[in-house]
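So that the names make sense, note that chain A is the first sequence line, chain B the second, and so on, each numbered from 1.
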There are 2 protein chains.
Amino acid sequence: MARKTGSHSEITGPKIRAEAQRLFARHGFAAVSMRQIAAAVGVQAGALYLYTSDKEALLFDLLKSHMDDLIAAWRAEAPEGADALARLERFVRFHIRFNLERAEVVFLSYMELRNLSEENFAKIEGLRKTYETELEEILKAGQAEAVFLIPDTKLATMAIIAMLTGVNTWFREGGRLSRAMVADIYWDMVRKAVGA
Amino acid sequence: MARKTGSHSEITGPKIRAEAQRLFARHGFAAVSMRQIAAAVGVQAGALYLYTSDKEALLFDLLKSHMDDLIAAWRAEAPEGADALARLERFVRFHIRFNLERAEVVFLSYMELRNLSEENFAKIEGLRKTYETELEEILKAGQAEAVFLIPDTKLATMAIIAMLTGVNTWFREGGRLSRAMVADIYWDMVRKAVGA
DNA sequence: ACGCTAACTGAACAACCGTTCAATATCAAA
DNA sequence: TTTGATATTGAACGGTTGTTCAGTTAGCGT
């Protein structure tokens, strides 16, 4: 064997992803050049192509990993056996917490989808749909249990997710309310909205 | 006097704004070139500079006009004397209708704010804040009338606006539900969320 | 028909874009 | 110390960017 595989790439690779995420979120995908990313990493632009096939793949990998993480994290903590009300509460708190923890990539995954090719766009949209379905199943269950009173579970799903994701647009650390207080208040509004 | 002022500019000016709005919404501000806009209008790139000082001004004018229109339209139809519940219902229906009617520029005003200079960004944010305050005043009034039960009017404002604006991301003409049905369902959820 | 000006063209500017690649530096294994 | 793959450079590619401007066209008032 020669040099240990990726002796530097183990540092440079993640660094590229981190700087790309930061810059894309700050200025937008199209407004950030490969040279800017390279400069932030401390490398020449050509070196980026040892870690990504092209600029779009850099974006896609960020979004794909995020969606995979999101779905896996939710499934890991979703209370499978519990009643619909408890499951909904868990979902609300999970969504707010997880999204606030990863504000940059969440922002990206809402703003930069149109910079993906048709196939890659479809993949991300599929994952988003998968995640939304997790919520809709809870709402359907609560409807069946007659604990929720929802005029349309599909619309309620979209409404709740939009409402929860909206927290990312205004929440600032050290503001008037802590994350926990925000989660409490949103859970109260969601619970009432579904008639429970 | 010579030629009537703006004999052609009365056509070209609005056409530029319309095509810029369409292209910015479709591909993103940074991804659209002045030459693309000019080509869509049927003119050379240089001609655009008779109507705008630079590319950013083109975006800013679209967003500024939209925010002005939004606030003026709401104030024109806001039921000043009515009780909080009636005013909230009007707001919900107005917001959904107005935003669906202008999906392109609404999309822009959420996605492309970061392409504005600091001063221009602040102006748009100020107008957005003005609009949000209109809703918050309704919520405060309902709280005072004891017809609403809201843990935090600030958060409720953000939650409701995010929820309503979210309609734009999924609504498609000719889908399962009409605009009126969507508005009915959202009003039902909002009413419950505020405890009325 | 003429003059004037608004409207527009087309070329040019320097800067920057994503991407490729031959050359080179780096360093573990032999 | 030599070997050889890994990691990276730096220059180059053709093309595009926003913007400017001298020159041309078009049409109204006289």
Could you work out which one of [options] sits closest to the side chain of [X]?
X       : options               : value
A:Leu50 : C:dG18, D:dT17, D:dT8 : D:dT8
A:Lys55 : C:dT9, D:dT9, C:dG18  : C:dG18
A:Val43 : D:dT17, D:dT8, C:dT9  : D:dT8
B:Arg35 : C:dA12, D:dT8, C:dC8  : C:dA12
A:Met34 : D:dT19, D:dT8, C:dG18 : C:dG18

From [atom1] of [X] over to [atom2] of [N], roughly how many Å is that when rounded to an integer?
X        : N      : atom1 : atom2 : answer
B:Asn115 : D:dT17 : CG    : P     : 15 Å
A:Gln36  : C:dA15 : CD    : P     : 17 Å
B:His27  : D:dT16 : NE2   : P     : 16 Å
B:Leu48  : C:dA6  : CG    : P     : 19 Å
B:Ile37  : C:dC8  : CD1   : P     : 16 Å
B:Tyr49  : D:dC21 : OH    : P     : 13 Å
A:Ile11  : C:dC27 : CD1   : C1'   : 13 Å
A:Phe29  : C:dC17 : CZ    : P     : 13 Å

Checklist entry - Does A:Arg128 count as lying over the ring of A:Tyr110, i.e. NZ or CZ under 6.0 Å from the six-ring centre, within 45 degrees of the axis? => result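 Because its charged atom sits under 6.0 Å from the ring centre and within 45° of the axis, A:Arg128 does stack over A:Tyr110.
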side-chain N/O [X] vs [N] OP1/OP2, d < 4.0 Å:
X       : N      : answer
A:Ser33 : C:dC17 : yes
B:Gln44 : C:dG10 : yes
A:Thr12 : D:dT8  : yes

Item to check | Heavy-atom donor-acceptor pair, A:Asn168 side chain to A:Asn99 backbone, under 3.5 Å | outcome: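 Yes, A:Asn168 side chain to A:Asn99 backbone: donor-acceptor pair under 3.5 Å.
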Checklist entry - Is the shortest distance from a Lys or Arg side-chain nitrogen in A:Arg22 or A:Glu104 to a carboxylate oxygen in the other one below 4.0 Å? => result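 Judged by the 4.0 Å cut-off on N to carboxylate O distance, A:Arg22 and A:Glu104 do not form a salt bridge.
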Item to check | N-O pairing of B:Glu119 and B:Lys123 below 4.0 Å | outcome: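 Judged by the 4.0 Å cut-off on N to carboxylate O distance, B:Glu119 and B:Lys123 do not form a salt bridge.
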Checklist entry - Between A:Ala47 and A:Ala31, which is nearer to the 5' end of DNA chain C once each is assigned its nearest nucleotide? => result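 Closest to the 5' end, via its nearest nucleotide, is A:Ala31.
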Item to check | Aromatic plane relationship, B:Tyr131 with B:Phe94 - under 30° parallel, 30 to 60° tilted, over 60° perpendicular | outcome: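 Correct class here is tilted.
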Next on the checklist: What's B:Val41 touching, base or sugar-phosphate or nothing? Going by heavy atoms closer than 4.0 Å.
Outcome noted: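 Counting heavy atoms under 4.0 Å across all strands, no contact is made by B:Val41.
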